[in-house]
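Reading through the structure tokens given below for one structure.
As a basis for the values below, the full set of heavy atoms in this structure was taken, side chains included, without hydrogen atoms, waters or symmetry mates. We count ligands from 1, going down the list as the structure has it; atoms in each ligand are counted the same way.
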Amino acid sequence: MSGANIPVLAVDGPSGSGKGTVGQQCALALGWHFLDSGAVYRALAYLIRINDININNLEDVLDRARHMDFECRPAPPDAPEIWLDGRLAAAELRGEEIGKQASQLAARPAVRSVLLDLQRTARKPPGLVADGRDMGTVVFPDATLKIFLTASVKERARRRYNQLKLKGFDVSLAGLFQAIQDRDTRDSERNVSPLAAAEDAVTIDSSDLSIDEVVTRILDLINNRLAIEGIDINGQ
Ligand code: C5P
């Protein structure tokens, strides 16, 4: 199977829409690989921080990005395991501060362009579920199925609050509401790869749906699409 023939399920959406949880469950159900592309930007923000690189020094930032050894392994019900340079980087990547720095890095076209190849190498047989902001629009424009998963800011703040509390982070609901709103604005208004549904994406509002309901809906859609395109994932 050549790269372009490997099926991709792209799940894009704003922070807290549930795309990570949903994406992992779809990947496991399909037996496909999984890419948490937000973790790629978070990983870079983290590496920059621990290596004392100045975030405004573009050359040093790009150099670190070029040499990033990144691997994403599904680990439901939590966020996926992220391996950096052969070491498990878990909770360090998940805080709001790293998320904010990730989103500042993600607004720089040169950074996005360096990280594009790294993301595309995740497309391996028998298939890939990729979650992020621009999976369907930029990274995998030929994806087999594109989902744009969304939810109200209030519901997303509530979900993020519960997630972070469980991990022991000291957060406030009002603070998260504001942080999510700010991040939405930054991600949607940037010039390069802004957060937006692809024209051919199926939009699902998950505000009043359970994770299982969203997963079932997406699996029905992808299985239909694979059947229409004559792709037999078991036979490949
Ligand atoms: O999804 P997550 O919150 O982990 O992403 C962190 C940040 O990385 C986002 O706010 C966004 O700015 C950036 N990002 C991106 N493109 C992606 C995935 C994430 O710009 N495909």
Side-chain angles (χ1 to χ4, degrees), residues 8-24 34-49 55 61 65 68 70 72 74-75 78-82 84 89-123 128-141 143 146-151 153 156-157 159-164 167 169 171 176-198 201 206:
V8 174
L9 165 58
V11 185
D12 287 308
S15 176
S17 57
K19 59 190 188 314
T21 311
V22 163
Q24 283 198 98
F34 177 61
L35 171 69
D36 170 358
S37 64
V40 174
Y41 292 92
R42 285 173 182 268
L44 181 60
Y46 171 69
L47 290 172
I48 282 171
R49 179 189 283 185
I55 198 164
V61 169
M68 200 155 89
F70 174 98
C72 175
D78 250 323
E81 282 185 358
I82 304 300
L84 286 180
E92 303 100 301
L93 298 189
R94 296 295 159 193
E96 273 306 300
E97 192 51 34
I98 284 286
K100 186 174 158 196
Q101 283 165 0
S103 123
Q104 285 164 353
L105 287 167
R108 310 186 79 159
V111 172
R112 299 198 77 86
S113 138
V114 167
L115 294 179
L116 201 54
D117 285 348
L118 187 152
Q119 295 173 82
R120 287 186 174 148
T121 58
R123 187 174 196 169
L128 174 71
V129 178
D131 98 49
R133 306 291 191 289
D134 61 345
M135 297 298 98
T137 48
V138 177
V139 183
F140 303 109
K146 302 175 186 178
I147 301 289
F148 192 77
L149 192 60
T150 180
V153 177
R156 289 189 281 132
R159 290 178 189 169
R160 186 48 64 95
Y161 177 82
N162 291 338
Q163 258 176 10
L164 292 174
K167 292 201 173 80
F169 285 97
V171 283
L176 282 175
F177 187 92
Q178 190 58 51
I180 284 181
Q181 238 174 5
D182 291 350
R183 196 125 68 89
D184 277 2
T185 307
R186 197 162 42 235
D187 289 348
S188 312
E189 293 183 355
R190 68 180 176 221
N191 293 327
V192 54
S193 296
L195 169 67
S206 73

Practice item. Let me see the working for Arg183 and Ser103 under side chain to side chain donor-acceptor pair (under 3.5 Å), right down to the final yes or no. Key: CA-CA 7 Å; Arg183 196 125 68 89; Ser103 123; 5.4 Å; no
Check your understanding: Can Ser206 and Arg156 be said to form a side chain to side chain donor-acceptor pair (under 3.5 Å), step by step?
Key -> CA-CA 10 Å; Ser206 73; Arg156 289 189 281 132; over 6 Å; no
Practice item. With the side chain counted from C-beta on, respond yes when Met68 and Val40 share a heavy-atom pair under 4.5 Å apart, and no when they do not. Key: yes
Check your understanding: Under 3.5 Å, side chain of Lys167 to main-chain N/O of Asn162, donor-acceptor pair present?
Key -> no
Check your understanding: Which salt bridge (Lys or Arg N to Asp or Glu O under 4.0 Å) pairs, counting each pair once, include a residue from residues 107-120, with sequence neighbours left out?
Key -> Arg112-Asp134
Review point. Contact residues of ligand 1 with a heavy-atom cut-off of under 4.0 Å?
Key: Lys19, Ser37, Gly38, Tyr41, Arg42, Ala102, Ser103, Ala106, Arg112, Gly132, Arg133, Asp134, Met135, Arg183, Asp187, Arg190
Review point. Does NZ belonging to Lys100 count more than 12 external heavy atoms closer than 6.0 Å?
Key: no
